[in-house]
Structure formats: structure tokens, C-alpha cells
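Comments concern the structure below.
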Amino acid sequence: MKKPILSIAVFLLSFFSLLISLKLFWNLGIYVDEYGTSPSIVSGGEFWHSMDWLRLFLLFLLCVVSFISIFSTNQNKSN
């Protein structure tokens, strides 16, 4: 009974973190477009801009894995 509740909590936290990161990334794009600069300059360099993309990708993977873990069955169930 504990596992599904924990899995759902992890999924919800990762999903909301992904939504927040996507909104911040969207706002970065709007700022860059309006002021004629580049995302690398705003992020602090090419490395940190790459880390922004990596964060989005890792949060997406966390959402997928945590969603799958909600519906996966435990193979080592005992009576």
C-alpha cells in the first residue's frame, strides 16, 4: 500500500518540477526574443545553456520512469 502512494508522490513532484522548468525556459525564450540577445548570454555561457537543456531532459526522464513505476507490478511479492 505504501509503494503506490510514494510512486504517485514522486511522479507529481517530478511533473510539477518539469512544468516549472518548462515555463522558466519559455520565459527565457521570450526575453531573448524581445531584447535581441542569445540564450547562452542570459544563461551565463554555452555550458549553462546546455545544462538547462539537460535539466529539462532529466526531469522528463524522471517523469516517465516514475509514471511507469506507478503501474509496474512487483515480481517478488510474498504472501
Side-chain angles (χ1 to χ4, degrees):
M1 184 67 177
K2 264 305 199 203
K3 185 183 179 243
I5 294 171
L6 184 61
S7 297
I8 291 170
V10 169
F11 171 71
L12 289 176
L13 287 172
S14 62
F15 182 71
F16 287 130
S17 296
L18 178 63
L19 288 179
I20 291 168
S21 291
L22 284 172
K23 182 61 178 170
L24 289 171
F25 203 70
W26 181 268
N27 288 342
L28 173 74
I30 292 172
Y31 176 83
V32 163
D33 186 45
E34 288 179 357
Y35 289 95
T37 185
S38 73
S40 295
I41 292 172
V42 176
S43 295
E46 190 63 37
F47 175 76
W48 292 112
H49 180 62
S50 300
M51 292 299 107
D52 285 339
W53 279 106
L54 182 63
R55 181 188 63 216
L56 289 174
F57 177 70
L58 290 175
L59 281 171
F60 175 74
L61 282 180
L62 182 62
C63 284
V64 170
V65 169
S66 62
F67 184 76
I68 291 171
S69 73
I70 292 172
F71 297 107
S72 68
T73 58
N74 192 357
Q75 301 294 342
N76 296 328
K77 282 187 177 179
S78 61
N79 296 333

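From a predicted model like this one, the values you see are computed outputs, not experimental measurements.
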At their closest point, which heavy atom of [X] faces which heavy atom of [Y], and how far apart are they?
{"X": "Leu59", "Y": "Ser21", "answer": "CD1-OG, 3.4 Å"}
{"X": "Leu28", "Y": "Ser43", "answer": "CD2-OG, 4.1 Å"}
{"X": "Glu46", "Y": "Ser40", "answer": "OE1-OG, 2.7 Å"}

Is there a side-chain contact between [X] and [Y] in this structure, where contact means two heavy atoms from C-beta onward sitting under 4.5 Å apart?
{"X": "Leu56", "Y": "Phe60", "result": "no"}
{"X": "Thr37", "Y": "Tyr31", "result": "yes"}
{"X": "Leu22", "Y": "Leu18", "result": "yes"}

I need the Leu19 CG to Ser14 OG distance, nearest 0.5 Å.
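Answer rounded to 0.5 Å: 9.5 Å.
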In Å and rounded to the nearest 0.5 Å, what is the NE2 to CG distance from His49 to Leu54?
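Nearest 0.5 Å value for the NE2-CG distance: 12.0 Å.
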Can you tell me if Ser66 uses its side chain to pair, donor with acceptor, with the backbone of Cys63 under 3.5 Å?
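A pair under 3.5 Å: yes.
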For the pair Ser7 (side chain) and Pro4 (backbone), establish whether a donor and an acceptor sit closer than 3.5 Å, ignoring hydrogens and angles.
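Side chain of Ser7 to backbone of Pro4: no pair is present.
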State yes or no: do [X] and [Y] share one hydrophobic cluster built from I, L, V, M, F, W and Y residues joined by side-chain heavy-atom distances below 4.5 Å, directly or via other members?
{"X": "Met51", "Y": "Leu58", "answer": "yes"}
{"X": "Tyr35", "Y": "Val32", "answer": "yes"}
{"X": "Trp53", "Y": "Phe47", "answer": "no"}
{"X": "Phe15", "Y": "Ile8", "answer": "yes"}

Among Val65, Ile70, Val64, find the residue that satisfies the side chain to side chain contact (heavy atoms under 4.5 Å, CB included) test when tested with Ile68.
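Testing each of Val65, Ile70, Val64 against Ile68, the sole residue satisfying side chain to side chain contact (heavy atoms under 4.5 Å, CB included) is Val64.
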Determine the interplanar angle of the Phe11 and Phe67 rings, folded into 0 to 90°, and report it as parallel if under 30°, tilted if 30 to 60°, perpendicular if over 60°.
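Phe11 and Phe67: tilted rings.
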